[in-house]
Amino acid sequence: MSLLQTVIIAIVEGLTEFLPVSSTGHMLIAENLLGVENSAFVRAFTVIIQFGAILSVVVLYWKRFFRLDNTPAPEGSTKLQKIKHKWNFYWLLIVAFIPTGVVGFIVKLSGMLDFMLTPEHAIWIVPVMLVVGGIFMLFCDSIFNKGKEENAITEKRAFYIGLIQCFSLIPGTSRSMATIVGGMSQKLTRRRAAEFSFFLAVPTMAAATGLDFLELFVGDEAVGTAWATTDNLLMLLVGSVVAFFVALVAMKWFVDFLSKYGFKWFGIYRILVGVFILAWMLSGHSMVLFDA
């Protein structure tokens, strides 16, 4: 990839990571438009720079992310229960991550994830899922409108949100949409569901990034550390930094917009983009506008 391609894709990632429009889907579309060659490194790049964007959560919400519950544990609690009470925030993230971690590992191991992410398949899967998800988002605000501020995130709610997050393994679905809607279905407010979605992204993307780094070293397409060229490492660094700063701005805007307007406009956007891509492809046109 060239430096310009890297910056463009990273901007797309930063803008869409926390929006319910599928950052992976938009990056795959951008890669097709830019004529980026499909390779093991490019597929890993798509995942790794997402972690750069995710780190913006840690910076923006650092006071809430690095926290322990120092309030007294319920009377009669065992030593283990007291520990769990103190580390409850992180425990809930672990509980929510478990379903996606297990399902994601199985899907990755089976080769299905790589199959869906290859350009020739993703370019059809992504627009279909954009349309399907967009139609759902037109109605989800009225369906899941019982969120209350006093409703806390419990283990049961966290696990359910994690289960719903598994749908985001399909390109074009949107991890953000899945987890926020999952939280709203558990009677959380849009703001609280969105913020938990941000926090859950940290362990989820950390695991995905670690797995891809491991694959770069020992995968079938890797030859020792031949992939670790100066250019590739520079592209990873630049992409992660750009995605981080763009996501920092986009995330602050998104929470306020979602709280005020809900999902409707994102749903309309998804439908328009998905229908346009499908119509363009079905009419025999290529998605490659700029040949590398």
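Since this is a predicted model, take the numbers as computed values, not measurements.
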Open item on the list: Can you pull out every side chain to side chain donor-acceptor pair (under 3.5 Å) where at least one residue sits in residues 88-108? Sequence neighbours excluded, please.
Closed with: Trp91-Glu155, Thr100-Gln165, Lys108-Asp114, Lys108-Glu215
- [ ] Name all residues meeting the side-chain hydrogen bond (donor to acceptor under 3.5 Å, both in side chains) criterion together with Lys252; count only those two or more places apart in sequence or in a different chain, and write none if there are none.
- [x] none
Task: Within 6.0 Å of OH in Tyr261, more than 12 heavy atoms from elsewhere - done: no
TODO: Report yes or no: do Val273 and Met177 belong to one cluster of Ile/Leu/Val/Met/Phe/Trp/Tyr joined by side chain heavy-atom distances under 4.5 Å?
DONE: yes
Task: Residue pairs passing the salt bridge (charged side-chain N to carboxylate O under 4.0 Å, His left out) test where at least one lies in residues 187-208, sequence neighbours excluded - done: Arg64-Glu195, Asp141-Arg190, Arg191-Asp256
Task: Shortest non-hydrogen contact from Val181 toward Cys140 - done: CG2-SG, 4.3 Å
- [ ] Could you list the residues that satisfy side-chain hydrogen bond (donor to acceptor under 3.5 Å, both in side chains) with Thr46, not counting sequence neighbours?
- [x] Glu31
Give every donor-acceptor pair under 3.5 Å between a side-chain atom in residues 262-271 and any protein atom, sequence neighbours left out.
unit_1	atom_1	unit_2	atom_2	d
Tyr269	OH	His26	NE2	2.8
Arg270	NE	Leu130	O	3.2
Arg270	NH1	Pro20	O	3.0
Arg270	NH1	Thr173	O	3.3
Arg270	NH2	Met129	O	2.9
Arg270	NH2	Gly172	O	2.8

Open item on the list: Is it true that Ser22 and Ser174 share a donor-acceptor pair across their side chains at a distance under 3.5 Å?
Closed with: no
Open item on the list: I'd like to know whether CZ of Phe89 has more than 12 heavy-atom contacts from other residues, nucleotides or ligands below 6.0 angstrom.
Closed with: yes
Open item on the list: I'd like to check the side-chain hydrogen bond (donor to acceptor under 3.5 Å, both in side chains) partners of Thr154; sequence neighbours left out, ordered by chain and number.
Closed with: none
Open item on the list: Counting only heavy atoms not in Trp253 (residues, nucleotides, ligands), do more than 12 fall under 6.0 Å from its CH2?
Closed with: yes
